[in-house]
Amino acid sequence: YLNPDSALFYVKQGLKKAEEQGDELGKAALLNQYGMIDDNATRYKDSREKYLQSEIIYRNKGDDIGLAATLVRLGVVEKRKGNFDKALAYFMEALTLSEKNNHKLGMLEGRVVFAEAYYSLGEYENALSNLRIAEEIDRQIPLSNLSLNMYINYGYVYIKKGEYDKAIGYINKGLSKSN
């Protein structure tokens, strides 16, 4: 995030190495990372193309965990474009795969992105429902950036609901963990 030029350099180097070694799963993971770099630079069309390439590889290799992570990214791109039905479908498939594999980090991510989509749609109770499930999952795994996103999202929802004390409580909780 802080050095996108360096990130891009290393992703391209990694892709070259994965190609040379015939490492399809490595290529898929790197395409996913490349997509995130494009996504962060608001090159959504480019990021979507890389995520779709990654998706094909993960499906062909039967890697559900990698596939779920890529489906989340595809959903985020659709959400940013305002295609909430497509976004929610991607999120649902990703969450289903993560639950099937009992992949807690993927389950946490699925619930957090569902909450973000519902927040964007103004469905604050659905957002809170997903955040509560996310919080239960979060208690079972080590702290991650998704944990912090969860607390931020709680803050956003409670601000919209006018429940400022709850918003401040969750933001402070996230801040204390981020330190």
Side-chain angles (χ1 to χ4, degrees), residues 1-21 23-61 63-95 97-98 103 105-106 108-122 127 130-131 134 143-157 159-160 171 174-175 177-179:
Y1 291 106
L2 297 177
N3 299 302
D5 291 341
S6 296
L8 188 57
F9 172 80
Y10 287 112
V11 164
K12 287 180 178 180
Q13 292 295 314
L15 279 169
K16 188 175 172 184
K17 191 164 186 90
E19 286 284 341
E20 290 169 0
Q21 296 179 349
D23 181 359
E24 288 294 304
L25 290 175
K27 180 179 175 181
L30 287 158
L31 284 166
N32 196 34
Q33 289 296 311
Y34 200 160
M36 283 192 257
I37 292 166
D38 283 343
D39 207 355
N40 290 333
T42 67
R43 295 185 296 265
Y44 303 130
K45 184 178 180 224
D46 294 337
S47 68
R48 184 175 183 276
E49 289 173 16
K50 289 173 183 77
Y51 295 145
L52 288 171
Q53 291 174 44
S54 178
E55 177 192 11
I56 290 167
I57 296 168
Y58 282 131
R59 283 192 193 280
N60 288 340
K61 294 291 184 180
D63 185 324
D64 286 348
I65 293 170
L67 178 59
T70 299
L71 292 171
V72 165
R73 300 312 316 160
L74 282 163
V76 168
V77 169
E78 293 301 331
K79 183 180 73 109
R80 287 181 176 157
K81 292 180 354 187
N83 298 328
F84 293 102
D85 288 344
K86 282 185 180 181
L88 290 168
Y90 277 124
F91 296 157
M92 180 55 75
E93 186 178 358
L95 180 60
L97 288 169
S98 294
H103 184 245
L105 189 62
L108 174 62
E109 184 173 31
R111 291 299 176 173
V112 168
V113 293
F114 260 116
E116 290 171 356
Y118 284 126
Y119 172 83
S120 296
L121 290 167
N130 278 281
L131 289 170
L143 180 70
S144 72
N145 63 318
L146 296 169
S147 307
L148 302 177
N149 289 351
M150 177 190 68
Y151 291 117
I152 291 166
N153 290 333
Y154 261 123
Y156 287 152
V157 173
I159 286 169
K160 283 289 188 181
I171 296 299
L175 280 171
K177 290 179 182 279
S178 71
N179 289 336

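For this chain, numbers begin at 1 and follow the sequence in order.
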Do [X] and [Y] come close enough that some side-chain heavy atom pair is under 4.5 Å?
X	Y	value
Leu121	Leu88	yes
Leu30	Lys27	no
Leu25	Tyr58	yes
Ser144	Leu105	yes
Leu95	Leu71	no
Ile37	Arg43	yes

Task: Other residues, nucleotides, ligands: >12 heavy atoms within 6.0 Å of Tyr156 OH - done: no

Task: N-O pairing of Glu78 and Lys81 below 4.0 Å - done: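 Yes, charged N to carboxylate O under 4.0 Å.
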
Let me confirm one number: the [atom1]-[atom2] distance from [X] to [Y], rounded to the nearest 0.5 Å.
X	Y	atom1	atom2	value
Leu97	Thr70	CG	OG1	11.0 Å
Arg48	Asp38	CZ	CG	13.5 Å
Asp39	Ser47	CG	OG	4.0 Å
Lys61	Leu67	NZ	CG	14.5 Å
Ile57	Asp63	CD1	CG	11.0 Å
Asn145	Ser178	CG	OG	12.0 Å

For [X] and [Y], work out which heavy atoms get closest and say how close.
X	Y	value
Ala94	Val72	CB-CG2, 3.6 Å
Gly26	Ala18	C-CB, 4.3 Å
Ala28	Ser54	O-OG, 2.9 Å
Gly75	Ala87	O-CB, 3.3 Å
Gly155	Ile171	CA-CD1, 4.0 Å
Ser120	Phe84	CB-CE2, 3.5 Å

- [ ] Give the C-alpha distance, both sets of side-chain angles, the deciding distance and a yes or no for side chain to side chain contact (heavy atoms under 4.5 Å, CB included) between Asp5 and Leu8.
- [x] CA-CA 5 Å; Asp5 291 341; Leu8 188 57; 5.5 Å; no

Task: Pair Met92-Phe114, side chain to side chain contact (heavy atoms under 4.5 Å, CB included): steps then yes or no - done: CA-CA 8 Å; Met92 180 55 75; Phe114 260 116; 3.8 Å; yes

Task: Intermediate values then yes/no, side chain to side chain contact (heavy atoms under 4.5 Å, CB included), Leu143 and Leu148 - done: CA-CA 8 Å; Leu143 180 70; Leu148 302 177; 4.3 Å; yes

Open item on the list: Apply side chain to side chain contact (heavy atoms under 4.5 Å, CB included) to residues Asn130 and Tyr118 and explain how you reach the verdict.
Closed with: CA-CA 9 Å; Asn130 278 281; Tyr118 284 126; 3.6 Å; yes

Task: Tyr51 side chain to Gly35 backbone, donor-acceptor under 3.5 Å - done: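 At least one qualifying donor-acceptor pair exists.
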
